[in-house]
There are 4 protein chains.
Amino acid sequence: MAELTKAPELCVQTWLNTDTALSLDDFREKVVALFVFQMLCPGCVQHSIPQAGRVHSLFDQNDVVVIGLHSVFEHHAAMTEVSLKAFLHEFQIEFPVAIDMPSGSVGDPIPKTMRAYGMGGTPTLILIDRQGYLRKQKMGYEQDLTVGAELMALIREP
Amino acid sequence: MAELTKAPELCVQTWLNTDTALSLDDFREKVVALFVFQMLCPGCVQHSIPQAGRVHSLFDQNDVVVIGLHSVFEHHAAMTEVSLKAFLHEFQIEFPVAIDMPSGSVGDPIPKTMRAYGMGGTPTLILIDRQGYLRKQKMGYEQDLTVGAELMALIREP
Amino acid sequence: MAELTKAPELCVQTWLNTDTALSLDDFREKVVALFVFQMLCPGCVQHSIPQAGRVHSLFDQNDVVVIGLHSVFEHHAAMTEVSLKAFLHEFQIEFPVAIDMPSGSVGDPIPKTMRAYGMGGTPTLILIDRQGYLRKQKMGYEQDLTVGAELMALIREP
Amino acid sequence: MAELTKAPELCVQTWLNTDTALSLDDFREKVVALFVFQMLCPGCVQHSIPQAGRVHSLFDQNDVVVIGLHSVFEHHAAMTEVSLKAFLHEFQIEFPVAIDMPSGSVGDPIPKTMRAYGMGGTPTLILIDRQGYLRKQKMGYEQDLTVGAELMALIREP
């Protein structure tokens, strides 16, 4: 366990579905399930986002905080904040969603949080433990049985 | 059959996935399967659009013409042409897609083709026979077995 | 069409879900959809039998006759008539089901109708036209869209 | 936690998929996931048995022992040992399966373990903790996310 690294802070342009800007520091003592997606990514829409909703419904919010991170690295003009808001409404997504901060460089399509974590695409599932350590980062779909077990393992850590 | 009505012409702002503007008149002698959708409508993304792809793959294009009609009646700013283009790319939609013409009236969110057909929402499936008559208009999802049978019935008409 | 062959008659040990023994001759003028299955074949239970139920529900019984054919070619002692009856009850199968006649030879596990058609396994879908000609024989699962279209094509033949 | 009760011992007629008869006592120190089913129960075949396979694949067998319990309470003649063996083979079930002991009374269709636990039907999921206490008994299908979380919670108990 000596190799655990702190989860990089989220670099967020805008928060949706929450009244206040959030920070990983706000969630210390809780497990964070970060579902990184793009609203026009088929695997996200069909599998990852529905899974995020199930996690949000099942676990006590004092144990697990579900956060959506909209990390747009392609088709930027197609996935704007106004489109994302409609998406969240239509797909009935109720947990907080952060819009990943664009790189700020013309030639760099990768937003800042995506780059800080070294993600390769979407969907990506990231689990952060109660002490803020990065415990899982996986691109693609992880089956529910695994996600349920891994979240509970983190919940039950001291 | 005395009551059959001609299918109203499509009123289209922009055509995608085709080099030339299309008209129902172009499809005389063929059956037209018109899949009316909004890119942020969950039932469209999960059920109707995949069905349109299956219809497009199964039937000979000399028999059945598959057309997507993007009829935005809510969240207009969220479902623009640039967003739709990215959606078509990401969901690998290869058949022609028409963007329904906005009403042109500030207070009227219903686009023109949607209004001409009196549609109640999306998804809607519309079948037009070889003579241009409107033969089916149904909101919601129609099972594949029914769609396959109905299309073949229209194909086999004189 | 010169090569069409008459569908071999069913060789049946017992009929279930019907008061009288049936024969393909009884169905002249109708299209026959024969779903060949084994009650312990996973692909049959998960895909083919539910599809048979959908076909039975959708089409007019004056057009399409749905018949289940239980062709046991393995685990014979496990798939007896008493087990099949319970299976039909539990899975709410309402169309007629024929038990394929065992070969009668100790060393031959293939029942007689299965052999007459040269089937390679289960599930197999067989379509027979209004004149009694064999028009389709396919092992494995055929998608609903195809089945709906093929049945309607046969219905619409003179 | 004062109300925890010891899980009643399994009363087994025959064990399959294991060389030796097993007992709950053999699993002390491990969590037991008992999937109670009937081979002709649609909900079992479609949902519960596949879930049992996923649990068996995911968890370390030093942590979680998966047991199938075939508790026949209807159609007894249809779900015999020989039929069950073929079912296990065809559905590729690899974990140990116990055949629940018949009541022994002519008028009582409920097998002994089913009665001891007071089960109302199949499928039923039973979880037993490392000390042998009954921690969950639920009829019907429990979603994977919940099962994964509950199993891990039991694994992480002292």
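Reminder, nothing fancy here: chain letters follow the sequence lines and each chain counts from 1. When reading the values below, keep in mind they use all heavy atoms of this one structure, side chains included, and skip hydrogens, waters and symmetry mates. Being a predicted model, the structure only gives us computed values, none of them experimental.
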Is it the case that atom [atom1] in [X] sees more than 12 heavy atoms from other parts of the structure closer than 6.0 Å?
{"X": "D:D25", "atom1": "CG", "value": "yes"}
{"X": "C:Y133", "atom1": "OH", "value": "no"}
{"X": "C:K85", "atom1": "NZ", "value": "no"}

### Message
Side chains of D:L40 and C:H89, heavy atoms from C-beta outward: is any pair under 4.5 Å?
### Response
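Side-chain contact under 4.5 Å: no.
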### Residue pair D:M79 / C:S83, side-chain heavy-atom distance below 4.5 Å
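SC-SC contact between D:M79 and C:S83 ruled out.
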### Task
Please list, in residue-number order, every residue in residues 63-78 of chain D that has a heavy atom less than 4.5 Å from any heavy atom of chain C; write 'none' if there are none.
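Only D:E74, D:H75, D:A77, D:A78 of residues 63-78 of chain D have a heavy atom under 4.5 Å from chain C.
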### Task
With a 4.5 angstrom heavy-atom cut-off, could you sort out which part of C:Q46 is near chain D: side chain, backbone, both or neither?
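For C:Q46, the side chain is the part near chain D, not the backbone.
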